[in-house]
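Report on the structure given below.
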Amino acid sequence: MKPQILLLFIFFITPPSNNLLVSSNSPVSALEKPNNETVYRVTKQLCWGCIGESFEFLLGHNLVRAAKLEMPLVWDFQLEKYAKWWAGQRKADCKLMHSFPEYEFKLGENIYWGSGSTWRPRDAVRAWAEEEKYYTYATNSCESGQQCGHYTQIVWRSTRRIGCARVVCDSGDVFMTCNYDPVGNYVGERPY
């Protein structure tokens, strides 16, 4: 998606009084990727009422998406509620497992586990995004023995909403989960 279309879309869903995206003396070229400051300001507006960890999850995802010129995600409080429920289920054991049985996903879902209590949302998003190095767009495949589905879910072109949660488990480790709607990672389809 071209930046002008992205900016036009954001203009219509943000309050007009903020004037945060484009000034008359700074045109955006069709070949330019959005810069981090623009992504930060747009993400902040798309996350009405969310703070802290939620914003950190959303900003991290939108920076990865911006690199592929994909529409930014918006925070969804129902998805956040679901993610919080699942993180609560994992609090006792911190097992790295999905909330849906395999191949029965109704939502997209990325999960993360980190040893110790200091892992932040940016760490989970970074780990998922780093899977890009294993993904080959030309063949729409992942390097043998590697994972890249977390990355492709982040940049999936039709995904629009996200909700995430982080919990420090009883063991002192961290479990994080993000849910995406509409779901991505359809077999045989490219993410962007």
Side-chain angles (χ1 to χ4, degrees), residues 1-10 12-13 30-34 39 42-43 46-47 54 57-87 89-90 95-114 121-166 175-192:
M1 176 159 290
K2 301 215 182 294
Q4 295 96 332
I5 296 170
L6 171 67
L7 295 174
L8 181 62
F9 173 78
I10 292 167
F12 284 110
I13 64 168
L31 299 177
E32 288 179 330
K33 290 183 179 179
V39 172
V42 169
T43 297
L46 295 177
C47 189
S54 303
F57 276 118
L58 185 64
L59 177 61
H61 278 78
N62 284 340
L63 287 171
V64 175
R65 291 176 67 83
K68 297 299 177 191
L69 302 178
E70 290 298 325
M71 296 280 292
L73 300 174
V74 296
W75 194 257
D76 185 290
F77 292 99
Q78 291 300 320
L79 292 175
E80 177 188 28
K81 183 178 177 182
Y82 182 82
K84 283 183 176 180
W85 167 79
W86 185 242
Q89 298 297 305
R90 300 281 51 91
K95 277 189 178 177
L96 193 60
M97 59 188 289
H98 286 284
S99 64
F100 296 95
E102 194 170 351
Y103 304 113
E104 293 183 23
F105 285 94
K106 308 292 187 241
L107 300 168
E109 186 172 72
N110 282 349
I111 55 176
Y112 177 90
W113 170 86
R122 67 181 163 267
D123 299 314
V125 177
R126 184 182 312 114
W128 297 330
E130 286 176 353
E131 292 178 1
E132 179 181 14
K133 64 187 169 198
Y134 303 121
Y135 177 70
T136 304
Y137 185 83
T139 60
N140 192 32
S141 63
C142 194
E143 187 177 308
S144 180
Q146 300 296 332
Q147 290 186 352
C148 55
H150 301 104
Y151 163 71
T152 55
Q153 176 57 80
I154 290 174
V155 296
W156 199 262
R157 70 185 164 279
S158 61
T159 298
R160 295 292 177 257
R161 293 170 295 284
I162 185 176
C164 305
R166 174 187 177 273
F175 178 86
M176 290 183 260
T177 181
C178 287
N179 291 102
Y180 307 84
D181 184 59
V183 67
N185 286 338
Y186 288 101
V187 175
E189 291 186 28
R190 286 184 167 79
Y192 46 85

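Sequence positions, counted from 1, serve as the residue numbers for this chain. Reckoned from all heavy atoms, side chains included, excluding hydrogens, waters and symmetry mates.
- To the nearest 0.5 Å, atoms CD (E132) and CD1 (I154) are separated by 10.0 Å.
- In this structure a side-chain-to-backbone donor-acceptor pair under 3.5 Å is missing from R90 to H98.
- Rounded to the nearest 0.5 Å, atoms CG (L59) and OG (S54) are 12.5 Å apart.
- Minimum interatomic distance between Y135 and P191 (heavy atoms only, all atoms of both residues): OH-CD, 3.0 Å.
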Query - Test side chain to side chain contact (heavy atoms under 4.5 Å, CB included) applied to Y192 and L69, step by step - result: CA-CA 9 Å; Y192 46 85; L69 302 178; over 6 Å; no

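- When the options Q147, Q153, E143 are evaluated for a side chain to side chain contact (heavy atoms under 4.5 Å, CB included) with E131, the one that passes is Q147.
- Under the side chain to side chain donor-acceptor pair (under 3.5 Å) test applied with S99, the options W85, W86, Y82 reduce to a single match, Y82.
- Taking both residues in full, the closest heavy atoms of C164 and E80 are given as O-CG, 3.7 Å, listed atom of the first, atom of the second, then distance.
- Listed for the Q146 side chain is no donor-acceptor partner under 3.5 Å among the backbone atoms of Y134.
- Taking the side chain as every heavy atom from C-beta outward, H61 and L58 never approach each other to under 4.5 Å.
- L107 places a side-chain heavy atom less than 4.5 Å from the side chain of L79.
- L73 approaches R161 most closely through the heavy-atom pair CD2-N, 4.1 Å.
- Judged by distance alone, the side chain of N179 and the main-chain N or O of E109 form no donor-acceptor pair under 3.5 Å.
- At least one donor-acceptor pair closer than 3.5 Å links the side chain of R65 to the backbone N or O of W156.
- Here the straight-line distance linking atom NZ of K68 with atom CZ of R157 works out to 14.0 Å at 0.5 Å rounding.
- Taking every heavy atom of both residues into account, F57 and C178 meet most closely at CD2-SG, 3.5 Å.
- Although no hydrogens or angles enter the test, the distance criterion places a donor-acceptor pair under 3.5 Å between the side chain of W128 and the main chain of I111.
- Note that CE of M97 is 16.0 Å distant from CH2 of W113, once rounded to the nearest 0.5 Å.
- Under the 3.5 Å distance criterion, the side-chain polar atoms of R122 are left unmatched by any main-chain donor or acceptor of G60.
- If you check the side chains of Y180 and N110, you find a donor sitting under 3.5 Å from an acceptor.
- The structure places CE of M71 at 10.0 Å from CG of N62, a figure rounded to the nearest 0.5 Å.
- To the nearest 0.5 Å, atom CD of residue E189 and atom CG of residue N140 are 9.0 Å apart.
- Remark: the backbone N or O of P182 is paired with a side-chain donor or acceptor of T159 at under 3.5 angstrom.
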